[in-house]
Q: 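Structure below; questions to follow.
Computed from a predicted structure; not experimentally measured.
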Protein chains: 2
Amino acid sequence: MAKGEVKLLGSWPSPYVMRARIALNLKSVEYEFLEEKLGVKSELLLKSNPVHKKIPVLLHHSKPICESLVIVQYIDEVWSSGPAILPSDPYDRAVARFWASYVDEKFFPALRALPMAQGKEAMEAAMHPVKEGLALLEDAYANHSKGGPFFGGGQISYLDVAFGCFLGVIRVSEKVTGVALINEHTTPGLAGWAEEFCAHPAVEDVMPDTDKLTEFINRIIKMKSQSPN
Amino acid sequence: MAKGEVKLLGSWPSPYVMRARIALNLKSVEYEFLEEKLGVKSELLLKSNPVHKKIPVLLHHSKPICESLVIVQYIDEVWSSGPAILPSDPYDRAVARFWASYVDEKFFPALRALPMAQGKEAMEAAMHPVKEGLALLEDAYANHSKGGPFFGGGQISYLDVAFGCFLGVIRVSEKVTGVALINEHTTPGLAGWAEEFCAHPAVEDVMPDTDKLTEFINRIIKMKSQSPN
């Protein structure tokens, strides 16, 4: 691969950026990681994603691809240098896409609200949809993992990448709230899955350290609480 | 095709249901359309989409597929009895998926707010993001239609289906506000595209009549304004 062929605009704490990194790792694609600074958007980012002005952006031969799940599918379609990320069966693909969309539209917005909840009542209210989401994902895992450690069965696939990227934020939420969201009693399938996922060679180097991520999220919450808007 | 092999749970005014119907028409797939009644969810819908309890749901050999864009991709992958809906080039596919996601996440929420805006000031504020969205989509059309009448070039493809299903609601909004949102001066590309799209054999029978849709949307707005929540 020519040097500079693949670049990724990102930031280490972003779960969405992690999706692209895991997909590139799964395909053994070498890439240059261009770290965006917090609160400053580079010229290259503004030029590459003028609609949303958000990371991640994958640059392949200088052509930009935006939106994390679009990037993961693009990587899967362009590089055959690793296992397929999308399941091969159309129905399994539809199921994986359905749950990936659920994770983005319902689960993560609920999870993101958790560290912001102040007081016992607000915390309980914020906890409810997160636990409900995890119960649904536990069922999805039981129904689709086919006895393998991952959502797609024996190997990491699309939904593992889409959901697994939030395990860092889940761990931070567990630390902040003192509640084990994923545990062997209420979500035994997800508990085993999370362990396997985080130990996978394509994941372990890009999954952020919980303490470092907690510190980062606290900094963001503080910045937001001090912002006039 | 065996009778009953393909069923679609839907409702005539829903733009999301229209996506599935256009995709099935493009592939010449015969299907049974099971119309859901307004305000009542059938047992079959609750059983088939227990997570969101929403239409459309495609039933293929009784297996449910939910979420309109997931359904369109599934139809494209399963049936080769018509032209490919997703572009063949991975980069073109990524571009189409990016804009389809933009349409769902940014454009339609803005469009949906329009008929609800009361008073001149609220209307102007609600109009701004819709016009901004249409300007971006006009640019996307100019950049990607390759001189053909459709977003994908010479034939209807993914983004045409994803965005085109909202043309009924756009026409209702034009009627209600008296503002031509898509017109030959500000969005000449989209004006020509909208005409071609609505006249396409896969589309013309499922695109709702503007007067009938206006009446339906007015009824929904009235119901919502009378609801205690």
Q: Is it true that, when you exclude B/Glu35 itself, more than 12 heavy atoms of the residues, nucleotides or ligands shown sit nearer than 6.0 Å to its CD?
A: yes

Q: Say whether, by atom type as modelled, one donor and one acceptor occur between the side chain of B/Tyr91 and the main chain of A/Pro64 under 3.5 angstrom.
A: yes

Q: So B/Arg97 and A/Glu67, do their side chains get closer than 4.5 Å, heavy atoms only?
A: no

Q: Give a yes or no on this: more than 12 heavy atoms of other residues, nucleotides or ligands lie within 6.0 Å of atom NZ of A/Lys27.
A: yes

Q: Measuring heavy-atom distances to chain B, does A/Asn49 have an atom under 4.5 Å in its side chain, in its backbone, in both, or in neither?
A: side chain

Q: In this structure, is the centre-to-centre distance between the rings of A/Phe98 and B/His52 below 6.0 Å?
A: yes

Q: Under 4.5 Å from any heavy atom of chain B, what part of A/Arg93 do you find: side chain, backbone, both or neither?
A: side chain

Q: Non-hydrogen contacts under 4.5 angstrom with chain A: give the residues of residues 148-161 of chain B involved, or none if there are none.
A: none

Q: If you measure from SG on B/Cys66 to OH on A/Tyr102, what distance do you get to the nearest 0.5 Å?
A: 13.5 Å

Q: If every non-hydrogen atom of A/Ala94 is compared with every non-hydrogen atom of B/Val70, which pair is closest and at what distance?
A: O-CG1, 3.4 Å

